[in-house]
Visitor: 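Once you've had a glance at the structure underneath, I'll fire off some questions.
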Amino acid sequence: MAAVLALLDLAAKGRPDEQDAVVDLLLAERLDVATATQVARRVRELQGAMARLHRRGRELSALFSSARELAELHDVDLLIARLVRRAHDLAGTDVTYLSEFDETTRELRVRSTAGAVAPSFQRLRVPPHIGLASKVVESRAPQWTSRYEQLDDVPRSESIDSAVRAEGLVSLLGVPLIAGEQVLGVLFAANRDEHAFSPEEVALLSAFADNVAVVLQSARLLTQTREAANEARLAYAALAEHVEAMERSSRVHAELTAAILRGGGAADVARTLGASLERPVVILDENYAVLASSDDRTTAAVIDPPAVRSAITASRRSGRCTLLDPPVDDVHAAVAVLAGETMLGGLLIGDGAVELGAVEQRTIERAAQITALLTLNQDAVVYAEGRVRGELLGDLVSPDVRRRSHLPARLRARGLRPEDLRTLVITVVAPAQRRAALRAAQAAAARGGLAGDVDGFITLVVPETDPRHAATAARDRVCAGTGTSEVLTVAAAPADTLDELSARFSAVRDCGRVLVALGIESAAVAADAYLPYTAMFAHDPTSVRRFIDHTIGPIRCWDTERRTDLLTTLHRFVDCNASPARTARLMGVHTNTVLQRLERITRLLGHAWREPEPFFRISVAVRLQALSATDSSASQRIQDS
């Protein structure tokens, strides 16, 4: 009985390599050799069966653990690391690692290790057809070697050999990770000493590799499923945003169309587009002056940044919305307002909550088109009204009395009171600014006045009774409308009757021509202050320069060549009624100094310059020179004096 129990213990251990112990036990019981051999064979068979049962138990335990980790983990890298650690414990080798196979490059890359210490080995990449790993992939079967240095039936690489030597590996066993027809990688078990891998070890690692392949493929499929679901969510969100943008665009288009039908303007477009995009919107005219905005900013501003103007120019060439990167002065997008090849203005879009995607950019472009339609429509209305009012204005200032016969009745028919048309103002601007200046003048005269183009001058008749105030107000309005400060306005004295306006127009027209001839292009003046000069040069405004050069030209040349200022002394001498003493006091110098300068002037102009007739001409020339040499503010001070 004791021998039987001992034999059962040996069989239960599942260690077939202990056959000597079995034989010794049987021989101790005095069995014959044949019987002992037969019993030992049967016990070894039981030991093999028990060993297989133990191995299968470990495999099942590893499989269940892997399945549980697969269900719990969402990180594929962490799952692979745990599977390699479990294979390491199962194989009982020094190093275990998993190399992932790339079907595109046919390259193997070490993905995870257990027991490895060399950094170069943990980053190892195996090129196609090189080494034991590639042989495993190509044969789709386990491959092993007891001594790696003696491995000569596969191509070798110095980089791989160096990594293996750095890790100190001697014997290696590699089994493929196969899922269906696809090779996912190779699972390796390696020792740092010489070891002959038994069929049981190969079978054990191969069985676990099959489990790892299933788990790894499942993890990949789960990852792909999650990525696909996430992409689907993103696509649905993008679709929802696109649908929302399309609905918003359709709503804006409908509102802008309604604005056209009800006769709306640029302000309606700015408010509607700004509310839709949740961004500030500014609409400019062709001179970059602000026409309207969604946040009710002043319309007197002019957009100056070159980057913004360049964006509008780029949009004009392409016909599409232009994004500014980086934004300039809170302007994120710009689009030109075009009618054919004619630029009517631009739209500027600021910062806001709604992203400027493709649909939003198309919406902005459609808003620019509708703005162009509104502008053309308003220009047509303004042109028609302006033509009628321009005819009234032309008749009003015409010297032909017959054209004014029924004028009061015609004025009242347009809602104008003849008695309110008092002060006449002309405006002089560069040719490129005439269209915008005329529009600004018409806006300035919209209440109780008239504006139009008469004899090449933009002309206004307004109820204002102060000429200088009327000229300043008209100039400010035109400057804002054109975006330039190069504006000259000349106002006549108020007329008591309509018949007097014709003469007033002739006076301001002649004054404007003389001032332009003097080079004064930026001022707001009253014509009466220049009546003497107008009377002298109205017949030929260009002669004013010749008169100045002929009269005081030598003094100007002397001052220019020698950097002196005799002309100022002459001007003060004229102002002081030819009194040297008063001139000296006015200039704060000694009388002898003034006398010396006057002597120099006598040598330049001749001894007769102080006689009444020459002195009068010199006085006029000096004052004209002072006018032409000053800017608009200085001109205003001179005419006030």
Side-chain angles (χ1 to χ4, degrees), residues 62 66-67 69-70 73-88 90-91 93 95-145 148 151 153-167 169 172-190 202 205-231:
S66 301
E69 291 173 347
L70 175 63
L73 294 176
H74 300 287
D75 189 338
V76 176
D77 290 333
L78 183 58
L79 177 61
I80 291 175
R82 291 195 179 183
L83 289 174
V84 171
R85 172 56 62 183
R86 198 166 300 282
H88 186 66
L90 185 65
T93 51
V95 178
T96 306
Y97 62 96
L98 187 150
S99 293
E100 187 176 28
F101 179 64
D102 189 334
E103 288 188 341
T104 303
T105 63
R106 310 292 295 179
E107 184 182 61
L108 284 151
R109 176 178 64 88
V110 173
R111 181 77 179 269
S112 180
T113 64
V117 294
S120 61
F121 186 82
Q122 297 174 23
R123 298 189 300 268
L124 182 63
R125 289 180 178 270
V126 180
H129 315 299
I130 299 296
L132 190 64
S134 295
K135 185 177 181 181
V136 174
V137 172
E138 293 168 358
S139 66
R140 303 171 68 92
Q143 303 290 335
W144 62 90
T145 178
Y148 179 80
L151 183 66
D153 59 344
V154 295
R156 302 273 291 274
S157 169
E158 179 58 33
S159 61
I160 299 175
D161 292 348
S162 298
V164 172
R165 285 194 298 269
E167 193 59 48
L169 301 182
L172 293 91
L173 165 63
V175 295
L177 302 175
I178 300 176
E181 297 298 323
Q182 183 181 10
V183 178
L184 304 180
V186 179
L187 181 63
F188 275 97
V202 175
L205 192 62
S206 297
F208 186 75
D210 293 339
N211 296 334
V212 172
V214 172
V215 172
L216 187 58
Q217 181 70 353
S218 300
R220 286 184 173 183
L221 293 175
L222 285 174
T223 301
Q224 293 173 0
T225 302
R226 295 189 189 102
E227 291 176 352
N230 186 51
E231 290 177 359

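This structure is a prediction, so every number in the text was calculated from the model and none was measured.
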Visitor: State, with a plain yes or no, whether a side-chain heavy atom of Arg109 is found less than 4.5 Å away from one of Asp102.
Guide: no
Visitor: Quick one: which residue pairs count as a side chain to side chain donor-acceptor pair (under 3.5 Å) with a foot in residues 126-136, not counting sequence neighbours?
Guide: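 Found His129-Glu138, Lys135-Asp153.
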Visitor: Which heavy-atom pair separates Glu107 from Val126 by the least distance, and what is that distance?
Guide: CG-O, 3.3 Å
Visitor: Can you measure from CG (Leu177) to CD (Gln182) and round to the nearest 0.5 angstrom?
Guide: 11.0 Å
Visitor: Mind checking whether Phe101 and Arg106 have side chains closer than 4.5 Å, heavy atoms only?
Guide: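 Of all side-chain heavy-atom pairs linking Arg106 with Phe101, at least one is under 4.5 Å.
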Visitor: Contact between Thr93 and Leu205 at the side-chain level, heavy atoms closer than 4.5 Å - yes or no?
Guide: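 They are not in contact (no side-chain heavy atoms under 4.5 Å apart), so the answer is no.
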Visitor: On a heavy-atom basis, which atom in Leu132 and which in Gln143 lie closest, and how many Å separate them?
Guide: CD1-CB, 3.7 Å
Visitor: Might you point out which heavy atoms bring Arg85 and Gly115 nearest each other, and give the distance in Å?
Guide: NH2-N, 4.4 Å
Visitor: Can you name the residues that form a ring-ring contact (aromatic ring centres under 6.0 Å, His included) with Tyr97, not counting sequence neighbours?
Guide: Phe121, Phe188
Visitor: Specify the closest pair of heavy atoms between Arg86 and Phe208, including all atoms of both residues, with the distance to one decimal.
Guide: CB-CZ, 4.0 Å
Visitor: About how many Å separate CG of Leu184 and CD of Glu103, when rounded to the nearest 0.5 Å?
Guide: 8.0 Å
Visitor: Mind checking whether Leu108 and Val137 have side chains closer than 4.5 Å, heavy atoms only?
Guide: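 Counting from C-beta outward, Leu108 and Val137 do come under 4.5 Å.
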Visitor: Output the distance between atom CZ (Arg165) and atom CD (Glu158), rounded to the nearest 0.5 Å.
Guide: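 Arg165 atom CZ to Glu158 atom CD measures 5.0 Å (nearest 0.5 Å).
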Visitor: Would you name the heavy atoms of Gln122 and Thr113 that are closest together and state the gap between them?
Guide: CG-OG1, 3.9 Å
Visitor: Looking only at heavy atoms, what is the nearest atom pair of Ala81 and Ser112, with distance?
Guide: CA-OG, 3.4 Å
Visitor: Taking the side chain as everything from C-beta on, heavy atoms only, tell me whether Thr96 gets closer than 4.5 Å to Leu187.
Guide: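 A side-chain contact exists here, since the closest heavy-atom pair is under 4.5 Å.
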Visitor: May I ask you to decide if Val117's main-chain N or O and Glu167's side chain share a donor-acceptor pair within less than 3.5 Å?
Guide: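 A pair under 3.5 Å: yes.
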Visitor: What distance do Arg82 atom CZ and Asp77 atom CG have between them, rounded to the nearest 0.5 Å?
Guide: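 Interatomic distance, Arg82 CZ to Asp77 CG, rounded to 0.5 Å: 13.0 Å.
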